[in-house]
Structure formats: C-alpha cells, structure tokens
Amino acid sequence: GDGDGDGDGAPRYDVMLFDIVMPGKSGTELCREMRAAGIDTPIVATTGNTASVDVAAYTRGGFTGVLQKPFSAEELTAELARLGV
C-alpha cells in the first residue's frame with residue numbers, strides 16, 4: 001500500500017528510525033518537531049552515543065527508544081518487539 005492509514009494522503013508508519021547526526025537537522029530536532037506536531041508514532045534514535053546522560057536526553061526529546069550503532073538485525077528485531085510493532 002501507500003502507507004496512507006486514514007485516507008488523508010499523509011503516510012502512516014509503525015515506527016521511525018532517526019540517526020542523531022544527520023545533515024541539515026539533527027534527529028533530535030526532527031523528533032521534537034514531530035512530537036510538537038502531535039505525531040505519536042514510536043521514534044527510535046540510532047546513535048553511537050549511548051551514555052546514560054545521552055539516552056536520558058533522547059528520551060526527554062521525545063524518542064521512544066535508542067539503538068546503539070552498529071546494531072544487529074537481532075537487536076533491531078528486539079527493539080521493534082519491545083515497541084509492539
């Protein structure tokens with residue numbers, strides 16, 4: 001399908017993965033904007049920075065979970081299962 005969950009033309013996703021370091025806008029900025037827009041889809045941060053202070057900041061910023069890079073298919077599957085998707 002086209003990902004259109006309710007016919008309004010906007011795509012719907014079960015989960016989104018955002019790298020923290022991206023060109024132009026950080027994953028944290030994008031996550032905050034999406035949350036401010038009322039988007040409640042689970043968003044997982046992918047990052048090499050997973051010290052407890054970093055993970056706490058990602059959670060405060062609206063991320064639902066964090067995957068430390070590099071991550072395996074098994075780790076991704078486990079995170080998706082944790083999120084129920």
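The analysis underlying the following values was restricted to heavy atoms, covering all of them including side chains, and did not include hydrogens, waters or symmetry mates.
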Same hydrophobic cluster for [X] and [Y], using side-chain heavy-atom links shorter than 4.5 Å among ILVMFWY?
| X | Y | value |
| --- | --- | --- |
| Met22 | Val15 | no |
| Val85 | Tyr13 | no |
| Val55 | Ile20 | yes |
| Leu80 | Phe71 | yes |
| Leu67 | Phe63 | no |

Check your understanding: Which heavy atom in Cys31 sits nearest to a heavy atom in Gly62, and how many Å separate them?
Key ->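 Where Cys31 meets Gly62 most closely, the heavy atoms are SG-C, 3.4 Å.
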
Point to revise | Nearest heavy-atom neighbours spanning Arg35 and Thr41 | key: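 Nearest pair, atom of Arg35 first, then Thr41: NH1-O, 2.7 Å.
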
Side chain [X], main chain [Y], donor-acceptor under 3.5 Å:
| X | Y | value |
| --- | --- | --- |
| Glu75 | Ser72 | yes |
| Thr64 | Ile43 | yes |
| Arg32 | Ala36 | no |

Review point. Do Asn49 and Tyr58 touch side chain to side chain, with heavy atoms closer than 4.5 Å?
Key: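 With C-beta onward as the side chain, the pair touches.
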
**Study point:** Pairwise side-chain contact, Val44 with Glu79, heavy-atom cut-off 4.5 Å (strictly under)
**Key:** yes

What's the spacing between [X] [atom1] and [Y] [atom2] if we round to 0.5 Å?
| X | Y | atom1 | atom2 | answer |
| --- | --- | --- | --- | --- |
| Thr77 | Arg82 | OG1 | CZ | 14.0 Å |
| Met34 | Phe18 | CE | CZ | 4.5 Å |
| Leu30 | Asp19 | CG | CG | 11.5 Å |
| Thr47 | Gln68 | OG1 | CD | 8.0 Å |
| Leu83 | Asp14 | CG | CG | 10.5 Å |

